[in-house]
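As structure tokens, the structure follows; a few thoughts come after it.
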Amino acid sequence: MLTVETRHAIDPQTAKRMDTEELRKHFHMGSLFAAGEIRLVYTHYDRMIVGAAVPSGAPLVLDQVKECGTASILDRREMAVVNVGASGKVSAAGETYAMERGDVLYLPLGSGKVTFEGEGRFYILSAPAHAAYPARLIRIGEAEKVKLGSAETSNDRTIYQFVHPAVMTSCQLVVGYTQLHNGSVWNTMPAHVHDRRMEAYLYFDMKPEQRVFHFMGEPQETRHLVMKNEDAVVSPPWSIHCGAGTGSYTFIWAMAGDNVDYKDVEMVAMEDLR
């Protein structure tokens, strides 16, 4: 079963007038992971698709998505799949990839239909592509690893870069995840924006009672969304994106836009946040 929801782009002036319900309607993406279903959100932020597939014992096939306007979803797109569940398999273009928890699979333009099997919980990210680069299954040991922060500032974390120029070539997708270590709760603080690229987050590795307060909005007009395990959020290019949790957690970040330069950001001074 496939369901697709469309999210239109929101400008900062409109966003600053929204209440909690409206903010969640436009930016929060919950209930993506449903047993026996593929659920996608087609966004008008650089045409990024965010979604999930949960085979739950029976194969699920992702092929035509009407919103893309092509016969098959990857006819003019590339895709990254992250397994946040148990062992599973993903098949495309005549190849089958066995994926363990934390593995990331990159599928290029022209890969055809994608089949999900096993006990995996597959997080899906897709953006328009202009060229077909090689498919690649990337395990955590092959990711580029960057350690940032400290326990003293409650942001001791390790960044794992998977679909990233330091590891492989893609068209515009940049995907990885950040693990907060025990006792650390803050991510990406001081905050920043990157006007040339949008971003999407998925928060996971959280206990049912845990929450993350995801901060968004213009630096002088900040808002927040309360996120639970396996909740996702879309971050417009004009918005900050940072968060603090009630305990340590992991989040998957994905970007699409003008470039693949992970460091192409504008930092926001702490005294400028409101």
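Along the sequence shown, residues are numbered consecutively beginning with 1.
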>> Does W253 form a side chain to side chain donor-acceptor pair (under 3.5 Å) with T178? I'd like the steps, not just the answer.
In response: CA-CA 8 Å; W253 41 266; T178 300; 3.1 Å; yes
> Can you list the steps and then say if M99 with L137 is a side-chain contact (heavy atoms from CB on, under 4.5 Å)?
Replying inline: CA-CA 8 Å; M99 296 185 67; L137 175 62; 3.9 Å; yes
> For D205 and R101, what are the C-alpha separation, side-chain angles and deciding distance, and is it a side-chain contact (heavy atoms from CB on, under 4.5 Å)?
Replying inline: CA-CA 11 Å; D205 273 350; R101 182 177 175 85; 2.3 Å; yes
> Can you list the steps and then say if V193 with S239 is a side-chain contact (heavy atoms from CB on, under 4.5 Å)?
Replying inline: CA-CA 6 Å; V193 297; S239 175; 5.8 Å; no
> Step by step, would you call D63 with S72 a side chain to side chain donor-acceptor pair (under 3.5 Å)?
Replying inline: CA-CA 5 Å; D63 195 3; S72 188; 2.6 Å; yes
> So V84 and I252, side-chain contact (heavy atoms from CB on, under 4.5 Å) or not? Walk me through it.
Replying inline: CA-CA 10 Å; V84 299; I252 298 169; 3.8 Å; yes
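Residue P165 comes nearest to V260 through the heavy atom pair CG-O, 3.5 Å, listed as atom of the first residue, atom of the second, then distance. In terms of heavy-atom proximity, L109 sits nearest to A131 at CB-O, 3.8 Å. In plain terms, the two heavy atoms of P236 and F27 that are nearest each other are CG-CE2, 3.4 Å. Of all the heavy atoms in D195 and P237, the pair that sits closest is O-CB, 3.4 Å. Residues D156 and A151 come closest through the heavy atom pair CB-N, 3.8 Å. The two residues G217 and W238 make their nearest non-hydrogen contact at CA-CZ3, 3.9 Å.
With contacts defined as side-chain heavy-atom distances shorter than 4.5 Å, the pair L40/L62 qualifies. Taking 4.5 Å as the limit, some side-chain heavy atom of C171 sits within range of a side-chain heavy atom of Y133. Using a 4.5 Å heavy-atom threshold, the side chains of L180 and V185 count as separate. The closest side-chain heavy-atom distance from V212 to M206 is below 4.5 Å. No side-chain heavy atom of H28 sits under 4.5 Å from any side-chain heavy atom of V233. No side-chain heavy atom of P219 sits under 4.5 Å from any side-chain heavy atom of R274. Considering only heavy atoms from C-beta on, I73 comes within 4.5 Å of M79 through its side chain. A heavy-atom distance below 4.5 Å is found between the side chains of I159 and L148.
For the 3.5 Å distance criterion, the side chains of H181 and T158 qualify, holding a donor opposite an acceptor. A donor-acceptor pair shorter than 3.5 Å cannot be found between the side chains of S184 and N155.
In this structure a side-chain-to-backbone donor-acceptor pair under 3.5 Å is present from Y45 to I10. Counting only distance, with no hydrogens or angles, the side chain of S170 and the backbone of V163 share no donor-acceptor pair below 3.5 Å. A donor-acceptor pair is defined here as one N or O able to donate and one able to accept, closer than 3.5 Å; such a pair exists between the side chain of R197 and the backbone of D261. In this structure, the side chain of D231 engages the main chain of K228 through a donor-acceptor pair within 3.5 Å. With hydrogens and angles disregarded, a donor-acceptor distance shorter than 3.5 Å links the side chain of R7 to the backbone of K25. Here the side chain of E221 pairs no donor or acceptor atom with the backbone of E218 at under 3.5 angstrom. Panel note: side chain S111, backbone P108; a donor-acceptor pair is recorded below 3.5 Å.
Exactly one residue among D264, D46, D258 makes a salt bridge (Lys or Arg N to Asp or Glu O under 4.0 Å) with R196. That residue is D264.
Ring orientation note: the planes of Y249 and F251 are tilted relative to one another, at an angle of 30° to 60°. Between F122 and F116, the angle of the ring planes lies from 30° to 60°, which puts this pair in the tilted group. Using a 30° and 60° split on the angle between ring planes, Y177 and Y160 fall in the tilted class, from 30° to 60°. Using cut-offs of 30° and 60° on the angle between ring planes, the pair H194 and H192 is tilted.
Counting non-hydrogen atoms of neighbouring residues, nucleotides and ligands closer than 6.0 angstrom, the NZ atom of K147 exceeds 12 such neighbours. Residue-environment remark: NZ (K207) stays at or below the threshold of 12 foreign heavy atoms within 6.0 Å.
Residues L107 and L173 do not share a hydrophobic cluster, clusters being chains of Ile/Leu/Val/Met/Phe/Trp/Tyr side chains in contact below 4.5 Å. Note on L225 and I240: separate hydrophobic clusters, where clusters join Ile, Leu, Val, Met, Phe, Trp and Tyr whose side-chain heavy atoms are under 4.5 Å apart, directly or indirectly. F162 and V50 fall within a single hydrophobic cluster, where Ile, Leu, Val, Met, Phe, Trp and Tyr are joined by side-chain heavy atoms under 4.5 Å apart, directly or via other members. Y201 and I124 are members of different hydrophobic clusters when ILVMFWY side chains are connected at heavy-atom separations under 4.5 Å. Hydrophobic clustering places L23 together with M29 (ILVMFWY residues linked when any side-chain heavy atoms are closer than 4.5 Å, directly or through intermediates).
How far OG of S56 is from CD of E37: 10.5 Å, rounded to the nearest 0.5 Å. Atom OG1 of residue T6 and atom NZ of residue K66 lie 10.0 Å apart, to the nearest 0.5 angstrom. Between the CZ atom of R139 and the CG atom of D103 there is a distance of 4.5 Å, given to the nearest 0.5 Å. Taken to the nearest 0.5 Å, the CD atom of Q13 stands 7.0 Å off from the CZ atom of R17. Taken from CZ in R136 to OG1 in T169, the straight-line distance is 9.5 Å, to the nearest 0.5 Å. Taking CE of M198 as the reference point, atom CZ of R47 lies at 12.0 Å (rounded to 0.5 Å).
Considering only residues two or more places apart in sequence or on other chains, D19 meets the side-chain contact (heavy atoms from CB on, under 4.5 Å) condition with E21, E22.
Residues F213 and F215 keep their aromatic ring centres 6.0 Å or farther apart.
Listed by first then second residue, pairs satisfying side chain to side chain donor-acceptor pair (under 3.5 Å) with a partner in residues 114-123 read R121-E230, not counting sequence neighbours. For residues 74-84, the pairs satisfying side chain to side chain donor-acceptor pair (under 3.5 Å) are R77-S126, E78-Y106, with sequence neighbours left out.
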